[in-house]
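Note on naming: letters A, B, ... go to the chains in the order of the sequence lines (proteins, then strands), and numbering restarts at 1 for each one.
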Number of protein chains: 2
Amino acid sequence: MDGKTAAKPDQAAMASPRRAPSQQRSRERVERMLAAASALIAEQGSDAMRMGEVAERAGVSIGSLYQFFPDKRAIVWALAERYTAESQACIAAALKDVGDAEGLKRAFSELVDIYYRLFLAEPVMRDIWSGTQADKALRELELADSRANAEFLVAVLKRLRPAADPVQLETTAFLVWQMGEAAVRLAISVDRQEGDRLVAAYKRMALRELVGE
Amino acid sequence: MDGKTAAKPDQAAMASPRRAPSQQRSRERVERMLAAASALIAEQGSDAMRMGEVAERAGVSIGSLYQFFPDKRAIVWALAERYTAESQACIAAALKDVGDAEGLKRAFSELVDIYYRLFLAEPVMRDIWSGTQADKALRELELADSRANAEFLVAVLKRLRPAADPVQLETTAFLVWQMGEAAVRLAISVDRQEGDRLVAAYKRMALRELVGE
DNA sequence: TTGCAAATGTGAGGATTTATCACATTTGCA
DNA sequence: TGCAAATGTGATAAATCCTCACATTTGCAA
């Protein structure tokens, strides 16, 4: 009798739209949905975001919302995915041409600052990556992102220290990157002054590890 | 005053029992509720934990559950609070008698291992501290815990490096501690081998920072 | 242009879950 | 013993998520 009670499609594709918008009209509507969700998250946090409110603010019906997003988390995921794609491009660009230790120092420090400022300024990002851990799909996205970013760092390190053990470099880069995210998240949750100190301390620590000494 | 109301006066208290159990009977029932919640969290995660199920498994009515816990999060908070109290005592003890750099190295390394193993073995702890960020009360508990633990570390550092800037030590200890938590959380979310490498790398990094080279 | 299938749009309502409340029972104690 | 406070109960109000049967619009082949 259950019929469709089996609503547990929890495998892959956690986030692809239930249906991809193929017409211009629907593509614009999906944009409006995401914009509405983004605004609501900025105002109240993703947890308090209500699907009905998203639909209303986007000027669509609740049914339309679910036509393109399988569930509530998928909306948050879609926003998160945009942020990571954007920042990955930024990171790749910043590290691409690093050739020596001095260059790494400069580029890394710059990236950390950008990331810190981004978190300070973007409530949506803050919210999404704070709640990360609770959501399996988001956690995986973050891990994948972190690994990808670490790879850019590894590429640089391999150039600077060709003799070093690759596995070691890999581990170091991954750890340094994840800790950077942790440091920034910590920094924004305390007052600005202490936050600045924490970020500065992280930079020192990370660079000591990356460029040795 | 009554026996073990370890909770503080509930002004800001997000989570103190709606009503403190004063009779032996109710104290036992509250224990059963917490035990049931703990088991359910271990099985399915705190998000999937249902209040009705907690009540049923504890052998009490849903009403009784709400008599002692104002809401669902309060149950998770109560469990989290126990863990932090326990671990804080453990940490304080381990760092209490550290007198030199060698001792710090040994004690710190030991603590990280304990923490790592704890997270590997305790699904409840893993769940609680993964979802931390999403819940304001839990986030505050974690920050307070981290600060408290950092204090123990600061006490040691002041003994080892009396000339250092206290604010600097404070910042370093706090950061190192938070990163330890981040490192362990990262380590348990990847395969065991990589996790071990990450924890080892963290230890090296942290100790280099703490005992300076 | 016309007709039609696919894409898209809608919102009432099913299903689930949290939390409350009025009332019943038990306990501690004067 | 009697009674007030503590405790116990579960139907049910309230809040949300998400589905579904049906309506409308669009793209395009004939």
Report, one pair per line, the protein and nucleotides 24-30 of chain C atoms (nitrogen or oxygen only) whose separation is under 3.5 Å.
none

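For A/K72, there are no side chain to side chain donor-acceptor pair (under 3.5 Å) partners at least two apart in sequence or on another chain. For A/R32, there are no salt bridge (charged side-chain N to carboxylate O under 4.0 Å, His left out) partners at least two apart in sequence or on another chain. Residues satisfying the side chain to side chain donor-acceptor pair (under 3.5 Å) criterion with A/Q24, sequence neighbours excluded, are A/R27, A/E28. With sequence neighbours excluded, the residues that form a ring pair (Phe, Tyr, Trp, His ring centres under 6.0 Å) with A/Y115 are A/F119. For B/S46, the side-chain contact (heavy atoms from CB on, under 4.5 Å) partners are B/I41, B/V76, B/D127, not counting sequence neighbours. Taking A/S61 as the reference, A/S64 meet the side-chain contact (heavy atoms from CB on, under 4.5 Å) condition, with sequence neighbours excluded. Among residues two or more places apart in sequence or in another chain, the side chain to side chain donor-acceptor pair (under 3.5 Å) test is passed with A/S146 by A/Q178. The salt bridge (charged side-chain N to carboxylate O under 4.0 Å, His left out) search around A/E110 returns none, not counting sequence neighbours.
Close to D/dT7, at under 4.0 Å from its OP1 or OP2, lies no side-chain N or O of B/R29. A/R27 has no side-chain polar atom (N or O) that falls below the 4.0 Å cut-off from OP1 or OP2 of C/dA7. Contact annotation: B/S26 does not reach the phosphate of D/dG8 (side-chain N/O to OP1 or OP2, under 4.0 Å). Regarding contacts with the backbone of D/dT19, every side-chain N or O of A/Y66 stays at 4.0 angstrom or more from both OP1 and OP2. Contact annotation: B/S22 side-chain N/O to D/dA5 OP1/OP2 distance is not under 4.0 Å.
Near-neighbour residues of DNA chain D inside residues 35-65 of chain A, defined by a heavy atom below 4.0 Å, number-ordered: A/M49, A/R50, A/M51, A/I62.
With rounding to whole Å, B/F68 atom CZ is found 16 Å from C/dA19 atom C1'. Following rounding to the nearest Å, A/F69 (CZ) and D/dT19 (P) show an atom-to-atom distance of 15 Å. Here D/dT7 presents its P atom at 10 Å from CE of B/M33, a figure rounded to the nearest Å. With rounding to whole Å, B/Q67 atom CD is found 12 Å from D/dA5 atom C1'.
Taking 4.0 Å as the cut-off between side-chain N and carboxylate O, A/R147 and B/E194 count as a salt-bridged pair.
Of the possible polar contacts, none joining the B/S109 side chain to the B/R106 backbone as a donor-acceptor pair under 3.5 Å is found.
With a 3.5 Å limit on both pairing distances and Watson-Crick or G-U wobble geometry required, the stems of 3 or more pairs in DNA chain C span C:1-30 with D:1-30.
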Kindly list each side-chain donor-acceptor pair under 3.5 angstrom involving residues 53-60 of chain B, sequence neighbours excluded, with atom names and distances?
| residue | atom | partner | partner atom | Å |
| --- | --- | --- | --- | --- |
| B/R57 | NH1 | B/E43 | OE2 | 2.9 |
| B/R57 | NH2 | B/E43 | OE1 | 3.2 |

